[in-house]
Amino acid sequence: MIESAQTMHLARFPRVKLCHAPTPLEFMPNLTKALGGPQLWIKRDDCTGVAMGGNKNRKLEYLMGEALAQGATHIVTQGAVQSNHVRQTAAVCAKLGLKCTVALEHRVDTNSVEYLDGGNVLLDHLLGINIEYRAGGTDMQAAIEDIGAKLTAGGEKTYLIPGGGSNPVGALGYVHVALELLAQANEIGLRIDRLVHATGSAGTQAGLVAGFEALNAGIRVLGIGVRNPKDRQEATVHKLAEATAARLGVASIRREAVEANCDYVGAGYGQPTPGMVEAVTMFARTEAIFLDPVYSGKGAAGLIDLIRKGYFTAEENVVFLHTGGQVGLFAYRDALVPTG
Ligand SMILES: *Cc1c(COP(=O)(O)O)cnc(C)c1O
């Protein structure tokens, strides 16, 4: 069985090639100058292709590999109303000819028409998936299990993807990125000291940490939280990194290898903060790179604030992993542009 593959040899796991990859690793000279160091690089996982890109496409390569290996006909997943994960899953289903049903949680309390119907939701509709809405605070995993059970009873071969695609299969997508990034850095002679990115459902960080630990890369990963408090976020990432390492058959993950800073969440998931608005504006005006309001904007707000607090030395090479999500900008116009 493929599941018993005990190796960092990722090609032993089923995968559907979906992403435009390797994604670029670029220096950000203007932002580096504006902030007075460290040396700031960016890994452009906003450019993974399919349906305007983002980090979920990485996970979906392995999740869809497993779904197709199991003969799935119908994919079921969930997220917040403006979920990038749902949009990317819907797109991949369209591409692979699979049916798709999603549950969207009203996790952000708002009446904004742009939030409720624009941005990712607009694209979800164009992609032609079935959408079911749930109230904020619903147990969304239970919700998709319910939906899945009904579809199975109706004769569908369903495959459930947890929120954010974050399980040991999806996390393989970011083990893959750990290998890809290290190869790029070695090729251009770049010593990466730190990698910083937004962390939510934890699959991105878990995969990166599992990959870097197995490779003994010496690259410290810092996740900037967008939802949960630090203790909980680190525990979730560590648990998933361990499960991912077990799947790969590599050594277990040091607890110290998992670092999250959750000081930049603000009032809650998907709630704008002044730091997010500053980060989105600053990246746009210095490097012409668009971040997003829910994830990468808060991740970059953390990065910028930590730079100002002297957390990094000027000589350090810090890579910001751009996880995508720009479609969400169109759902947050009110927070991003001056009104009146
Ligand atoms: C989902 C998402 C993240 C968080 O990744 P996780 O693997 O869920 O931690 C970061 N940025 C964007 C744009 C996302 O859509």
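In each ligand, atom 1 is the first atom listed, and ligand 1 is the first ligand listed. This structure is a prediction, so every number in the text was calculated from the model and none was measured.
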Would you give the length of the straight line joining atom [atom1] of [X] to atom [atom2] of [Y], rounded to the nearest 0.5 angstrom?
X      : Y      : atom1 : atom2 : result
Asp292 : His322 : CG    : NE2   : 7.0 Å
Ile131 : Leu104 : CD1   : CG    : 5.5 Å
Leu123 : Gln88  : CG    : CD    : 10.5 Å

(request) Would you mind listing every ring-ring contact (aromatic ring centres under 6.0 Å, His included) that reaches into residues 142-190, with sequence neighbours excluded? (result)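 Pairs touching residues 142-190 that pass the test: none.
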(request) Check Arg232, Lys230, His238 against Glu234 for a side chain to side chain donor-acceptor pair (under 3.5 Å) and give me the one that passes. (result)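 The residue from Arg232, Lys230, His238 that satisfies side chain to side chain donor-acceptor pair (under 3.5 Å) with Glu234 turns out to be Lys230.
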(request) Mind telling me whether Tyr332 and Tyr115 have parallel, tilted or perpendicular rings, with 30° and 60° as the class edges? (result)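 Judged by the thresholds at 30° and 60°, the geometry between Tyr115 and Tyr332 is perpendicular.
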(request) Please list, by chain and number, the protein residues whose heavy atoms come under 4.0 Å of ligand 1. (result)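 Asn55, Lys56, Lys59, Asn84, Ser166, Ala198, Thr199, Gly200, Ser201, Ala202, Gly203, Thr204, Asp292, Tyr295, Thr323, Gly324, Gly325.
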